[in-house]
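The structure appears right after this line, and notes come after that.
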Amino acid sequence: MRWVALTLASIGMTVAAVPSQAAGGPTGIWRMSNGKVTVKVSPCGGGYCGKVVALRKPHDGHGRPRLDKENPNPALRQRPVIGLTILSNMQSDGADSWVGTIYNPDDGNTYSSWMQLTGPSTMKVSGCVAGIFCKTMKFIRVD
């Protein structure tokens with residue numbers, strides 16, 4: 001969390017401390033606020049991982065399941081997006097905050113990431129390039 005706070009501070013933003021929101025941490029099913037993707041967050045490897053369990057548009061224009069077609073490894077481009085682990089190695093970085101990586105099947109890139117509970121049913125997840133350019137998405141707990 002420190003590197004995120006320093007990065008945001010360097011571009012004129014601040015991060016407010018968030019009190020503990022949920023004893024169970026981020027475990028559960030979360031839908032992006034725009035409804036595009038639903039992710040199941042579960043314990044794994046001493047931290048948390050997140051797997052895609054639903055998409056707003058699960059099929060391409062030809063009625064086929066959406067695939068991981070932008071993956072840099074050609075051997076993995078036929079994997080369905082539903083079932084992909086996109087949040088990996090999310091390790092605690094303070095109260096209700098975790099850092100790790102996020103894979104974006106839309107562009108095939110993996111980014112440094114952080115997630116933070118902002119309420120009992122809300123979570124922010126950010127993916128960052130070079131530690132300074134970040135995109136933050138809001139997720140709503142659905143379970």
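Heads up: numbering here begins at 1 and tracks the sequence. This is a predicted model, so every value here is computed, not measured.
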Shared hydrophobic cluster for M123 and I140 (ILVMFWY, side-chain gaps under 4.5 Å): no

Who passes side-chain contact (heavy atoms from CB on, under 4.5 Å) against S33, sequence neighbours left out? K138

Which residues share a side chain to side chain donor-acceptor pair (under 3.5 Å) with T85, sequence neighbours left out: none

Taking every non-hydrogen atom, the tightest pair across V125 and S113: CG1-OG, 3.9 Å

What ring pair (Phe, Tyr, Trp, His ring centres under 6.0 Å) pairs are there with at least one residue in residues 64-86, not counting sequence neighbours? none

Members other than V142 in its cluster, when Ile, Leu, Val, Met, Phe, Trp, Tyr link by side-chain heavy atoms under 4.5 Å? I29, V53

Would you mind reporting whether I102 and T110 have side-chain heavy atoms less than 4.5 Å apart? no

Test of understanding: with side chain to side chain donor-acceptor pair (under 3.5 Å), list the residues that count as partners of T136, not counting sequence neighbours. S126

Quiz: residues 75-82 side-chain donor-acceptor pairs under 3.5 angstrom, not counting sequence neighbours:
{"from": "R77", "atom 1": "NE", "to": "N71", "atom 2": "O", "distance (Å)": "2.6"}
{"from": "R77", "atom 1": "NH2", "to": "N71", "atom 2": "O", "distance (Å)": "3.2"}
{"from": "R79", "atom 1": "NE", "to": "D68", "atom 2": "OD2", "distance (Å)": "3.4"}
{"from": "R79", "atom 1": "NH2", "to": "D68", "atom 2": "OD2", "distance (Å)": "2.6"}

Does any pair with a residue in residues 70-96 pass ring pair (Phe, Tyr, Trp, His ring centres under 6.0 Å), and if so which ones, sequence neighbours excluded? none

For W98, what residues pass the ring pair (Phe, Tyr, Trp, His ring centres under 6.0 Å) criterion, not counting sequence neighbours? Y48

For M115 versus P26, what's the shortest heavy-atom pair and its separation? CE-CG, 3.6 Å

Gap separating the CE atom of M90 from the CH2 atom of W114, nearest 0.5 angstrom: 9.5 Å

Please, which pairs that meet salt bridge (charged side-chain N to carboxylate O under 4.0 Å, His left out) have at least one residue in residues 128-137, sequence neighbours excluded? none

Which atom of M137 lies closest to which atom of M32, heavy atoms considered: SD-CE, 3.9 Å

Correct closest heavy-atom pair for C49 and S88 would be SG-CA, 4.2 Å

Please list, chain by chain and in numerical order, all residues satisfying side-chain contact (heavy atoms from CB on, under 4.5 Å) with H59, sequence neighbours excluded. P65

Determine whether a donor-acceptor pair (N or O, by modelled atom type, separation under 3.5 Å) exists between the side chain of S97 and the backbone of G94. no

Measuring from L87:CG to K51:NZ, what's the distance to the nearest 0.5 Å? 12.5 Å

What are the two closest non-hydrogen atoms of D107 and E70, and how far apart are they? C-CB, 3.7 Å

The reported gap from CG in N104 to CG in L84 (rounded to nearest 0.5 angstrom) is 11.0 Å

Cut-off 3.5 Å, no hydrogens considered: what does the side-chain donor-acceptor table look like for residues 34-47, sequence neighbours left out?
{"from": "N34", "atom 1": "OD1", "to": "K36", "atom 2": "N", "distance (Å)": "2.8"}
{"from": "K36", "atom 1": "NZ", "to": "D106", "atom 2": "OD2", "distance (Å)": "2.5"}
{"from": "T38", "atom 1": "OG1", "to": "R31", "atom 2": "NE", "distance (Å)": "3.3"}

